[in-house]
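A short worksheet on the structure shown next.
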Amino acid sequence: MSNFIKGENLILYIHDDTIYRPIACLTSNSLSQRQNIIESQTKCDPGLVIKDAGTMSYEISAEGQYIDTTSALAEITKASHDYLHTIMGTTVTWKLDTGLTDNAAYYGTAVVGDLSLDAGAGDELATFSCTLNGSGAIVLADPIV
């Protein structure tokens, strides 16, 4: 029988040159991968389209609740909008982990390319979203170790 993994268990982390910081209070996150295809035709094989693997790229999107990471020591280790703002446009090492010992974590490097903050009126909580734009391989071994 399969053991299903709840989406709430897949947590996105960003390495801050010391530790992997979880993206604070995530409400959702996703990973989308693309394999570019190189197509070519030659006169040696008329009518035949040859396809080869090209570059690999991916995008990670995350949404979460905006939290104050300066007021409580426990919250400083989380990465909320304010921390993501300071690393916007830089290349970071990320980890996507289930926290389960028998499942592999995924690692890679990406640029923090998009960041938004939404603050409604009334009883709505402030939220943020970010996009990490990556290229190259997603690996199963921690590149920081």
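None of these values were measured; they are calculated from a predicted model. The figures that follow rest on heavy atoms only: side chains count, while hydrogens, waters and symmetry mates do not.
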Checklist outcome for this item: Separation between CG (Leu26) and NZ (Lys78), nearest 0.5 Å, reads 10.0 Å
Checklist entry - How long is the span from the NE2 atom in His81 to the CG atom in Asp118, to the nearest 0.5 Å? => result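 Between His81 NE2 and Asp118 CG, I get 9.0 Å after rounding to 0.5 Å.
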Checklist entry - Do you reckon Ile11 sits in the same ILVMFWY cluster as Tyr107, going by side-chain contacts under 4.5 Å, direct or chained? => result yes
Checklist entry - Are Ile23 and Ile67 connected, step by step, through hydrophobic side chains (Ile, Leu, Val, Met, Phe, Trp, Tyr) whose heavy atoms are closer than 4.5 Å? => result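 Different hydrophobic clusters.
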With a cut-off of 3.5 Å and sequence neighbours excluded, list every side-chain donor-acceptor pair involving residues 125-145.
residue: Ser129; atom: OG; partner: Ser116; partner atom: OG; Å: 2.6
residue: Asp142; atom: OD1; partner: Tyr20; partner atom: OH; Å: 2.7
residue: Asp142; atom: OD1; partner: Ile144; partner atom: N; Å: 2.9

Checklist entry - Looking at side-chain heavy atoms only, is the closest gap between Tyr66 and Leu117 below 4.5 Å? => result yes
Considering only distance and modelled atom types, tabulate donor-acceptor pairs under 3.5 Å from the side chains of residues 29-39, sequence neighbours left out.
residue: Ser30; atom: OG; partner: Ser61; partner atom: OG; Å: 2.7
residue: Gln35; atom: NE2; partner: Gly54; partner atom: O; Å: 2.8
residue: Asn36; atom: ND2; partner: Thr55; partner atom: OG1; Å: 2.9

Checklist entry - Ignoring hydrogens and geometry, is there a side-chain-to-backbone donor-acceptor pair from Ser80 to Asp82 under 3.5 Å? => result no
Next on the checklist: Can a donor-acceptor pair be found, under 3.5 Å and without considering hydrogens, that links the side chain of Asp45 to the backbone of Leu48?
Outcome noted: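 No.
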Item to check | OH/Tyr106: more than 12 non-hydrogen atoms of other groups inside 6.0 Å | outcome: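 For Tyr106, atom OH is not crowded (no more than 12 foreign heavy atoms under 6.0 Å).
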Would you mind writing out the side-chain donor-acceptor pairs for residues 88-100 within the sub-3.5 Å range, not counting sequence neighbours?
residue: Thr90; atom: OG1; partner: Ile87; partner atom: O; Å: 2.5
residue: Trp94; atom: NE1; partner: Tyr58; partner atom: OH; Å: 3.1
residue: Trp94; atom: NE1; partner: Gly108; partner atom: O; Å: 3.3
residue: Asp97; atom: OD1; partner: Gly99; partner atom: N; Å: 3.0
residue: Thr98; atom: OG1; partner: Leu100; partner atom: N; Å: 3.1

